[in-house]
Visitor: 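Take a look at the following structure, please.
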Amino acid sequence: MVSALPPGPDPTVLDRIKAKLASAGIAFHELHHAAVFTSEQAAAVRGTPLASGAKALVVKADAAFLMLVLPADRKLDSKKLRAALGVRSARFANADEILERTGLKPGSIPPFGSLFGLPTYCDPSLSANSSINFNAGDHSVSIQMAYADYVRTEQPTPAEFA
C-alpha cells in the first residue's frame, strides 16, 4: 500500500489532513492566506459566510478531552453540552492542554479529532452548509470541503451544543 503522506518522520497536520481526504477520494480546496486569529477574520479572508466555518473546540468534559465542532457563527452552550453528553462538568481546554493534545495553537485546529485521538462531536446545525471551511493546522492555511464528505470521513457523533 502506498502512503499519501510525504516521506519523513513528522508530517504536518496539513499533510495528515490531505492524506486522509485523498485516501477517501474526497475533493477539497486548499487556500493559503494571511494569518487569521478569529472566525470573522477567517470568513473574510476566505470570502465565505461565517456560518460555513467549522469551529473546532477542544474541551474537557468530566475527565476526558474531546473535540466539538460547530458553525463559526454560533457559541458553545455549556448547559446543552452537559445534557447532550451526560457529563457533570465541561470546560475549554487551555492553550497548554491544546498544545499537548494536538501540537497546535488555539484557532488553527481542524475539525478532525481523529487526527489527535480525540472523540469528535458535531452540532447538527453545521449541516445547514453544503460546504465547510476550516483552518488546517495553521493560521494561514484553510481547507474547504463538502459537509457530507466531512461527515463521511470523520464520522463525528451528532450532539446539540451550539
Side-chain angles (χ1 to χ4, degrees), residues 4-6 8 10-22 24 26-61 65-78 80-81 90-154 156 159-162:
L5 289 172
D10 294 320
T12 65
V13 169
L14 176 60
D15 292 335
R16 292 166 54 206
I17 293 168
K18 289 165 53 172
K20 181 179 188 79
L21 298 178
I26 291 175
F28 62 92
H29 176 73
E30 180 178 340
L31 175 66
H32 294 259
H33 50 74
V36 293
F37 299 95
T38 68
S39 297
E40 291 79 10
Q41 290 173 343
V45 76
R46 295 174 189 146
T48 58
L50 182 59
S52 73
K55 182 166 46 176
L57 305 173
V58 177
V59 301
K60 187 171 186 184
F65 285 92
L66 47 93
M67 181 174 289
L68 304 176
V69 181
L70 63 158
D73 66 341
R74 309 278 303 267
K75 293 184 189 265
L76 176 65
D77 182 323
S78 298
K80 278 186 178 181
L81 175 65
R91 66 167 177 82
F92 292 108
N94 65 41
D96 289 339
E97 291 168 331
I98 291 170
L99 184 62
E100 182 181 320
R101 279 153 187 81
T102 67
L104 300 173
K105 294 180 179 178
S108 67
I109 303 167
F112 293 95
S114 61
L115 293 177
F116 312 108
L118 297 171
T120 305
Y121 295 82
C122 185
D123 191 281
S125 60
L126 189 60
S127 70
N129 302 282
S130 59
S131 67
I132 60 170
N133 304 277
F134 52 88
N135 283 353
D138 189 300
H139 288 102
S140 60
V141 181
S142 294
I143 287 183
Q144 180 180 56
M145 64 184 292
Y147 172 78
D149 287 340
Y150 165 70
V151 170
R152 182 167 56 90
T153 306
E154 181 64 6
E160 291 188 27
F161 48 78

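Just so you know, these numbers use all the heavy atoms, side chains as well, and skip hydrogens, waters and symmetry mates.
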Visitor: Could you measure the distance from the OG1 atom of Thr153 to the CD1 atom of Ile26? Nearest 0.5 Å is fine.
Guide: 2.5 Å

Visitor: Which atom pair, heavy atoms only, marks the closest approach of Arg46 to Leu31?
Guide: CA-CD2, 3.9 Å

Visitor: Enumerate donor-acceptor pairs with a distance under 3.5 Å from any side-chain N or O in residues 47-60 to protein atoms, sequence neighbours excluded.
Guide:
| unit_1 | atom_1 | unit_2 | atom_2 | d |
| --- | --- | --- | --- | --- |
| Ser52 | OG | Pro49 | O | 2.8 |
| Ser52 | OG | Asn133 | ND2 | 2.7 |
| Lys55 | NZ | Arg74 | O | 2.7 |

Visitor: Atom OH of Tyr150 and atom CE of Met145: how far apart are they, to the nearest 0.5 Å?
Guide: 8.5 Å

Visitor: Looking only at heavy atoms, what is the nearest atom pair of Phe161 and Asp123, with distance?
Guide: N-OD2, 2.7 Å

Visitor: Could you walk me through whether Lys18 and Glu30 pass the side-chain contact (heavy atoms from CB on, under 4.5 Å) check?
Guide: CA-CA 9 Å; Lys18 289 165 53 172; Glu30 180 178 340; 3.1 Å; yes

Visitor: Give me the atom names and distance for the closest heavy-atom approach of Asn129 to Ile132.
Guide: CB-CG2, 4.5 Å

Visitor: What are the two closest heavy atoms between His33 and Val36, and how far apart are they?
Guide: CE1-CG2, 3.8 Å

Visitor: What is the minimum heavy-atom distance between Val13 and Gly137, and which atoms define it?
Guide: CG1-CA, 4.0 Å

Visitor: Is it true that Arg152 and Asp149 have a side-chain N and a carboxylate O under 4.0 angstrom from each other?
Guide: yes

Visitor: Is the number of heavy atoms from other residues, nucleotides or ligands within 6.0 Å of CD (Glu160) greater than 12?
Guide: no

Visitor: Are Leu76 and Phe92 close enough, and set up right, to give a side-chain contact (heavy atoms from CB on, under 4.5 Å), and what steps lead you there?
Guide: CA-CA 10 Å; Leu76 176 65; Phe92 292 108; 3.8 Å; yes

Visitor: Do any side-chain atoms of residues 102-115 form donor-acceptor pairs under 3.5 angstrom with protein atoms, and if so which ones, sequence neighbours left out?
Guide:
| unit_1 | atom_1 | unit_2 | atom_2 | d |
| --- | --- | --- | --- | --- |
| Thr102 | OG1 | Ile98 | O | 2.7 |
| Thr102 | OG1 | Leu104 | N | 3.0 |
| Ser108 | OG | Lys105 | O | 2.7 |
| Ser114 | OG | Lys20 | NZ | 3.1 |
| Ser114 | OG | Glu154 | OE1 | 2.5 |
| Ser114 | OG | Glu154 | OE2 | 3.4 |

Visitor: How long is the gap from CD1 on Ile143 to CD1 on Ile17, to the nearest 0.5 Å?
Guide: 5.0 Å

Visitor: Got a second to check how far Asp96's CG is from Asn94's CG, nearest 0.5 Å?
Guide: 5.5 Å

